[in-house]
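On a predicted model such as this, the values are computed, not experimentally measured, just so you know.
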Amino acid sequence: MKNFYRLFAALALLVGLLVACGNQENEGTANEPVELTISAAASLQDALEELKTTYEKENDSVKILYNFGGSGALQQQILQGAPVDLFFSAAEDKFDALVKKEMIEQQGTDLLANELVLIVPKNNEKQIHSFDDLLQAGKIALGTPETVPAGQYGVDTLKSMQLWESLASKVVYTKDVRQVLTYTESENVDAGIVYKTDALVSDKVDVVATADDATHAPIIYPVGVLKASKHGQEANDFYQFLQSDEAMNVFIKYGFKGAQ
């Protein structure tokens, strides 16, 4: 009988220890920050990295994880089921496609606007000072139009100026605007077409021309929360923060304009 009581006491102690360990694990999990995944256009990288630092300091229960790339490629990832909380696109059509599929909460909002510019390496060996001068270029970097909105805006601009047929064979396509910038900085190409905001972060290129707004569709950046987000409240809080005066001041510092 004594052995029975000893065995019972040992089992009770073991159960108590397991329960205590389980509670500690749950408490540890509860104290871990919520991770928000933001799929954002590559041109937003510098501004969003600064905003991440600010937001995480003010909200230690949230950790921001960015996935930067061409808006079209990011859209396809979301369509294929990638776990994303917010989508911040550099093109309305890529964003609207998700809205039509009812994958975005409350339609989202058009937050920012940008400009399209022509950049050249500092030494500018080919003496390119305008879009017309691209006829003198050997290679021109441009985002892949199907997945990089800046690339499509660039093609539209060159077609509008009656230059595309002469320049198409000179184009080197890239995965996003930041790769256009890198190719131009390293002089692997004679010129590139990027957003104004991309050019502003580099001291290795010069802006030689700005595309007329009439030559391409408006460059608008919509942002919204994905319905599939597992952290709806936290995602909505960050979404609201991006629209705050504090965030807008950072976007303006990096060359963006308000879309309104």
Side-chain angles (χ1 to χ4, degrees), residues 28-71 73-75 77-78 82-92 94-95 98 104-115 117 148-150 176-179 181-182 185 194-205 219-260:
T29 301
N31 291 331
E32 289 178 2
V34 169
E35 293 186 344
L36 290 181
T37 299
I38 319 298
S39 283
S43 51
L44 291 161
Q45 184 169 344
D46 297 281
L48 286 182
E49 289 290 3
E50 180 171 330
L51 289 174
K52 169 184 175 176
T53 300
T54 300
Y55 193 78
E56 289 182 346
K57 282 182 179 178
E58 298 173 355
N59 301 269
D60 57 7
S61 62
V62 176
K63 182 176 178 60
I64 305 296
L65 303 176
Y66 288 127
N67 175 32
F68 293 110
S71 297
L74 298 176
Q75 177 216 48
Q77 291 171 11
I78 293 170
V84 176
D85 297 292
L86 281 90
F87 181 38
F88 206 158
S89 174
E92 292 179 285
K94 309 300 182 190
F95 189 88
L98 298 183
I104 301 284
E105 289 279 8
Q106 301 176 345
Q107 305 298 307
T109 187
D110 291 341
L111 188 59
L112 305 174
N114 212 335
E115 294 179 279
V117 298
V148 184
D176 56 42
V177 285
R178 286 308 170 95
Q179 194 169 51
L181 184 64
T182 299
E185 288 177 330
V194 298
Y195 296 124
K196 174 186 175 182
T197 51
D198 296 296
L200 290 177
V201 301
S202 175
D203 59 2
K204 297 178 181 179
V205 300
I219 303 173
I220 301 297
Y221 289 67
V223 60
V225 176
L226 273 296
K227 287 186 177 180
S229 171
K230 295 181 180 179
H231 310 290
Q233 184 58 58
E234 291 84 0
N236 187 66
D237 289 344
F238 187 66
Y239 169 69
Q240 296 298 329
F241 168 73
L242 291 174
Q243 300 174 63
S244 68
D245 290 342
E246 181 181 11
M248 286 303 300
N249 286 336
V250 172
F251 287 126
I252 291 170
K253 183 177 79 172
Y254 284 95
F256 290 98
K257 298 182 292 185
Q260 305 302 323

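- Side-chain atoms of Val177 and Gln45, non-hydrogen and from C-beta on, never get closer than 4.5 Å to each other.
- When all heavy atoms of Asp85 and Ser229 are compared, the pair lying nearest together is OD1-OG, 2.6 Å.
- The environment of NZ in Lys196 is sparse: at most 12 heavy-atom neighbours from other residues, nucleotides or ligands sit within 6.0 Å.
- Looking at Arg178 and Val194, their side chains never come closer than 4.5 Å, going by heavy atoms from C-beta outward.
- Atom NZ of Lys227 has more than 12 heavy atoms from other residues, nucleotides or ligands within 6.0 Å.
- For Tyr195 against Pro149, the heavy-atom pair with the smallest separation is OH-CB, 3.6 Å.
- Put simply, CZ on Phe68 and CG on Asp176 are 11.0 Å apart, with the number rounded to the nearest 0.5 Å.
- Among the candidates Tyr66, Phe241, Tyr239, the single residue satisfying the ring-ring contact (aromatic ring centres under 6.0 Å, His included) test with Tyr55 is Phe241.
- Note that CG of Leu200 is 10.5 Å distant from CG of Leu181, once rounded to the nearest 0.5 Å.
- Ser71 places a side-chain N or O within donor-acceptor distance of the main-chain N or O of Ala90, the cut-off being under 3.5 Å.
- Taking each heavy atom of Ile220 and Ala113 in turn, the nearest pair found is CD1-CB, 4.2 Å.
- Here the CG atom belonging to Leu65 is positioned 4.5 Å from the CD atom belonging to Glu35, to the nearest 0.5 angstrom.
- The residues Asp46 and Lys253 are annotated as not salt-bridged, no charged nitrogen and carboxylate oxygen being separated by less than 4.0 angstrom.
- Taking all atoms of both residues into account, the shortest heavy-atom contact from Ser43 to Phe256 is O-CZ, 3.5 Å.
- Panel note: side chain Glu56, backbone Ile64; a donor-acceptor pair is recorded below 3.5 Å.
- Between atom CD of residue Glu92 and atom CD1 of residue Ile219 there is a gap of 11.0 Å, rounded to the nearest 0.5 Å.
- Between Lys94 and Gln75 the shortest heavy-atom distance is O-NE2, 3.1 Å.
- Closest of all the heavy-atom pairs between Leu111 and Leu242 is CD2-O, 3.5 Å.
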Stepwise ring pair (Phe, Tyr, Trp, His ring centres under 6.0 Å) test for Phe251 and Tyr221: CA-CA 12 Å; Phe251 287 126; Tyr221 289 67; 8.7 Å; no
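- With values rounded to the nearest 0.5 angstrom, Asp203 atom CG is found 7.5 Å from Glu185 atom CD.
- With 3.5 Å as the limit, one finds a donor-acceptor pair spanning the side chains of Gln77 and Asn67.
- Note: Gln240 CD to Thr109 OG1 = 9.0 Å, rounded to the nearest 0.5 Å.
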